[in-house]
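Notes to accompany the following structure.
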Protein chains: 2
Amino acid sequence: MKLQIYLAGPDVFLENARLVGEQKQAMCRDFGFEGLFPLDNDEDVGTDPAKIFRANCALMRRADLGMFNLSPFRGPSADAGTVFELGFMFSSGKPVYGYSGAQAKYWDRVTMGHDAHLDLHGQRRDREGYAIENFDLFDNLMIARAIEDSGGAFEAINEPRVASLAAFQAFIACLNVVKERAVRSAI
Amino acid sequence: MKLQIYLAGPDVFLENARLVGEQKQAMCRDFGFEGLFPLDNDEDVGTDPAKIFRANCALMRRADLGMFNLSPFRGPSADAGTVFELGFMFSSGKPVYGYSGAQAKYWDRVTMGHDAHLDLHGQRRDREGYAIENFDLFDNLMIARAIEDSGGAFEAINEPRVASLAAFQAFIACLNVVKERAVRSAI
């Protein structure tokens, strides 16, 4: 049986979403895996959000592991739908892998974009006064630690802005890690 | 046994996080519930992200249901850590409730803040060219549909900017829904 990998990410919002999905699935095949992409459900579910939701959950239940595109989306954190799915698959006890087209740490991203300052206690805060968490991680600690505790891995490789959301290079790096581990556990 | 409610949200990043947590826990008590707040773990876990993560997961496993502060945080979507936890608790089969201090739909929030435009196919896109999902929901469909499918509810009440992140009014509205349902199911 081929390892089935759920391909989560904001890729579905790209203008060439279907092509990006097909490319990632082809890459999965090159590694001997099967990639499950949310838009594969499209014909069955149409535009009914309840059906889309349930079809995505069914794909996640079918998958052996999840590979999550955690590139920042409309803010310093990953796409909300993707993060929901990360929590869903982690809670099911499956390994969750993350990858991103942006290498900067969360602290640096928020500090750069949100007029950070130090408060009287030396805590760094954004322009709204919200504390900026500083664990030297790429995003909120729940995301980073779930990947670690699940036995997954996280790969980030900076890509040119125009290509950054799909994060193909980091995606391939992540597939490499899964492949190495699959080979090692089969020996 | 009192109903135990996990209190998830970006409240932990507020300058008065501990006070906000205590106030929400007091409100839970007024309704006959027990509120579990992440900062309750603080003394045991210190600042080790692995310990914080596991302590939060343990609180979620202990809780009967989750109440999620989904007020927009550093962008048009809810806080990433909160959304992770929503996926975690939904996947465990527990009811998840959401509340927010901002009533606007996701579509409107992104359209206002991200230089939206129509592409040649009539799809609305943000300044990066990413499609803006339009399901008349308050955030990404995975979040909204999980709440619905879990048997939970979502309450949003606009609050003055200075008080909006804690979203106390919507929180109380949400407690009211849980209370009504608890009473009805006990009859």
Side-chain angles (χ1 to χ4, degrees), chain A residues 10 12-15 17 47-50 52-54 56-57 60 70 72-92 106 110 113-114 119 121 123 125-126 128-137 139-146 148-149 161-162 165, chain B residues 10 12-15 17 47-54 56-57 60 70 72-92 106 110 113-114 119 121 123 125-126 128-137 139-146 148-149 161 165:
Chain A
V12 295
F13 303 119
L14 287 166
E15 278 196 81
T47 56
D48 176 346
I52 297 171
F53 173 76
R54 287 170 202 156
N56 289 350
C57 290
M60 288 192 279
L70 299 173
F73 187 74
R74 292 186 185 139
S77 277
D79 165 55
T82 307
V83 173
F84 171 86
E85 294 179 343
L86 185 83
F88 183 100
M89 287 196 76
F90 174 80
S91 180
S92 318
Y106 183 72
V110 179
H114 292 72
D119 72 10
H121 309 286
Q123 165 70 54
R125 297 188 174 275
D126 68 12
E128 317 281 350
Y130 307 149
I132 307 176
E133 67 172 54
N134 185 16
F135 296 112
D136 197 33
L137 297 171
D139 206 326
N140 184 289
L141 80 87
M142 298 304 289
I143 296 175
R145 288 304 318 172
E148 195 72 18
D149 275 20
R161 191 171 174 77
V162 64
L165 194 70
Chain B
V12 294
F13 303 119
L14 287 166
E15 279 196 79
T47 56
D48 177 348
K51 287 186 183 166
I52 296 172
F53 173 75
R54 288 171 202 156
N56 288 351
C57 290
M60 288 192 278
L70 299 173
F73 186 73
R74 291 184 186 140
S77 278
D79 164 56
T82 306
V83 173
F84 171 88
E85 295 179 342
L86 186 81
F88 183 100
M89 287 196 76
F90 173 80
S91 181
S92 318
Y106 184 71
V110 179
H114 292 72
D119 72 11
H121 309 286
Q123 165 71 55
R125 298 190 173 274
D126 67 13
E128 318 281 349
Y130 308 149
I132 307 175
E133 67 173 54
N134 185 16
F135 296 112
D136 197 33
L137 298 170
D139 206 325
N140 184 288
L141 80 85
M142 299 303 289
I143 296 174
R145 287 305 318 174
E148 195 71 20
D149 275 21
R161 191 168 174 79
L165 195 70

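Below, chains carry the letters A, B, ... as their sequence lines are ordered, and counting in each starts from 1.
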What residue in [options] has the most heavy-atom pairs under 4.5 Å with chain B?
options	result
A:Asp126, A:Ile143, A:Leu137, A:Thr47	A:Asp126
A:Glu15, A:Met60, A:Glu148	A:Glu15
A:Asp149, A:Leu14, A:Leu86, A:Asp139	A:Asp149
A:Ser77, A:Gly75, A:Ala80	A:Ala80
A:Cys57, A:Ala144, A:Gly87	A:Gly87
A:His114, A:Met142, A:Glu85, A:Glu133	A:Met142

Less than 4.5 Å apart, side chain to side chain, heavy atoms only: is that true for [X] and [Y]?
X	Y	result
A:Ile132	B:Arg74	yes
A:Phe135	B:Ile52	yes
B:Asn140	A:Phe84	no

Heavy-atom distances under 4.5 Å only: say whether [X] touches chain A with side chain, backbone, both or neither.
X	value
B:Ala17	neither
B:Asp79	side chain
B:Met89	neither
B:Val110	side chain
B:Gln123	neither
B:Ala78	neither

* To do: Find the distance between CZ (B:Phe13) and CD (A:Glu128) and round it off to the nearest 0.5 Å.
  =>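 Separation between the atoms: 14.0 Å.
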
Once rounded to the nearest 0.5 Å, what's the spacing between atom CG of B:Asn56 and atom CG of A:Leu141?
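With rounding to 0.5 Å, CG (B:Asn56) is 7.0 Å from CG (A:Leu141).
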
Between B:Phe53 and A:Phe90, does the ring centroid distance fall short of 6.0 Å?
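Yes, the ring of B:Phe53 comes within the 6.0 Å limit of the ring of A:Phe90, centre to centre.
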
